[in-house]
Amino acid sequence: MGLLRMAARTAVVAGTATAVAGRVQRRQANKWDQQDAQQDAQQDAQQQDQQEAPPPEAEDDATTQLQNLAKLHGQGVLTDEEFAAAKAKILGI
């Protein structure tokens, strides 16, 4: 009778251990799936932010460069010839 009782107890312990291990495994898998989903959402948001940012327009860039040249010319850093050459280069003349 003792052997039968020990076998039954072992079966109960093994079954309980298997059930608990399966539950822990499912919980971890769900947790990892949620973390992956959050990371994917963050990456998607970053990609959308990068795609939505408009590139700087060429006219604004040329205008800014001309303004900087005018400041340098006004300060006496550039001569009239250097200013005219740089301006023609920016304007593509």
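Both backbone and side-chain heavy atoms feed into the values below; hydrogens, waters and symmetry mates do not. Just so you know, residue 1 is the first one in the sequence shown, and it goes up from there.
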> Are there more than 12 heavy atoms of other residues, nucleotides or ligands under 6.0 Å from atom CD of Q25?
Replying inline: no

> Can you find a pair of side-chain heavy atoms, one from K31 and one from R27, that are under 4.5 Å apart?
Replying inline: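 With C-beta onward as the side chain, the pair stays apart.
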
Please tabulate, for the side chains in residues 33-41, all donor-acceptor contacts under 3.5 angstrom to protein atoms that are two or more places apart in sequence or on a different chain.
none

> Any ring-ring contact (aromatic ring centres under 6.0 Å, His included) pairs touching residues 4-46, not counting sequence neighbours?
Replying inline: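 For residues 4-46: none.
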
Between side-chain atoms of residues 68-90 and protein atoms elsewhere (two or more places apart, or another chain), which donor-acceptor pairs fall under 3.5 Å?
residue : atom : partner : partner atom : Å
N68     : ND2  : T64     : O            : 3.4
H73     : NE2  : D80     : OD1          : 2.5
T79     : OG1  : E81     : OE1          : 3.4
T79     : OG1  : E82     : N            : 3.2
E82     : OE1  : T79     : N            : 3.0

